[in-house]
Trainee: 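Quick one: this structure, given as structure tokens, is what I'll be asking you about.
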Amino acid sequence: MSTIVRLGKKLKKYIMPKAKPCISYVRRIERVKTDERVVAMTFDDGPMNAPCNPSSFGEIDYGDAPLTSVILDTLDKYGAKGTFDVIGYTGDNYPDECGPVGSPSWGGVKYDHYPDYKKDSLAGAENQGELLRRMIDGGHQVTNHGYKHIIFGKKPFVYGKRECLKNIDEVTDDLRRLDDILRKRYGYEITMSRPPHYVDRISGGFTSYDAYALLGYQYMAASFDGAGWLPAAGESGEGAFAAEIAEMISPFEKNISENPDFFCGQIIFQKDGYNMAKRTPVAFGLEKQLDLLTSAGYKVVTVNELLGYSQFADVGRDDPDYDIFESLIAEHAIAYSDNTLCPERHMSVGELAMLVAPREWAVEKRIEAISKKGSRLSNCFGAMEWCRKEGLLGAKIKEDAPLTSEIISAFSSYFEKIPRGFTRREVLKSYKK
Ligand SMILES: [Zn+2]
């Protein structure tokens, strides 16, 4: 093989996305499959107890009302429920210096500081209990965006100068610290998380999915950018602010007019904080977005409520077996990491192992093995080990082998009756709960 071909193959391995993600205890929820006009909005990096900037625009003047209150008031006005992806406190992230306004390091070169450099106590669950209480009492959802909002691992190209958490223990400690605040002070149980800046890789062969598996979280992503967090290009002053608000509104106008069902089941990304230019277009653009959505008949719900319309990205409530899938997903790993179910695929041995193995055992075994090895292992490693230990699988059977009647016969006690076909649908339908 020529060097170029080999190099090309190597590059392809890095550039091309994998054919199909693995079955996972943690599902990355971007949107769900539904025909109903329901949509969720997420707000990152708050709560923020600093005023909007600018505080007035056009006919609206918010005075010194904190941004988070303005967002909550606006949601209330439309009977909308938001999902607030909150932080704990960034005040321990010093020494640091801040970069130029308008750049990604506007709030800090080594770390992020919310709502702003040297104003850390004005944002986060640690110090902004009143705002957090208002979110919870108002029926909004709160999710875990990391106590210190430090990226989970290195991301050289974009965040080369950023300090990151050192290992999976630091990541889970950081997440647990914020989880504890919500649990102990508010009796609130967090179920989802989004990594700071969506950085997934954790040193030592781990990813954010592993940290979330240990915490029992799902991965909250988004399918649509609500915009406003990037400074408007080529404008300054009031013109820039007006442009940022327009960038938040026009994609909503365009998409709804082209296809009123466009937003069905989508999760919209927004910011409960300053954008890179230290402005808060969300305070003024959100109202129009909500007006457009509700006028088109949309109900704006929390991400958790959205999952009530369908748990999956590719299978909706109209599927004849939806209830079976939904009851299984509560306890078992049956979906892929991208939250698809792919019911017509032939089930593999590793997928069967994930279905039957006890979750906690399998997760711990795998984490332990990665720690020893220092590099990544497949998602079903722990589940495969469990099945081998129980004598259900021989040592030589590979996880990506397709299921056969010979293999499944060893698992007969897990099934009402042995499935006739081995599509994922057939196997899941026959599973004894
Ligand atoms: Zn963030």
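Every number for a ligand or one of its atoms is a count from 1 in the order of the listing.
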Trainee: How about Asp45: does one of its N, O or S atoms come closer than 2.8 Å to the Zn ion (ligand 1)?
Mentor: yes
Trainee: Should Asp180 and Arg185 count as an ion pair when the cut-off is N to O under 4.0 Å?
Mentor: no
Trainee: Within His197, is some N, O or S atom less than 2.8 Å away from the Zn ion (ligand 1)?
Mentor: no
Trainee: What is the NE2(His149)-the Zn ion (ligand 1)-NE2(His145) angle, to the nearest 10 degrees?
Mentor: 90°
Trainee: Is the shortest side-chain N to carboxylate O distance from Asp174 to Lys148 below 4.0 Å?
Mentor: no
Trainee: According to the interplanar angle, ranging from 0 to 90°, do the rings of Tyr114 and Trp106 count as parallel (below 30°), tilted (30 to 60°) or perpendicular (above 60°)?
Mentor: tilted
Trainee: Report yes if the distance between the aromatic ring centroids of Tyr212 and Tyr25 is under 6.0 Å, otherwise no.
Mentor: no
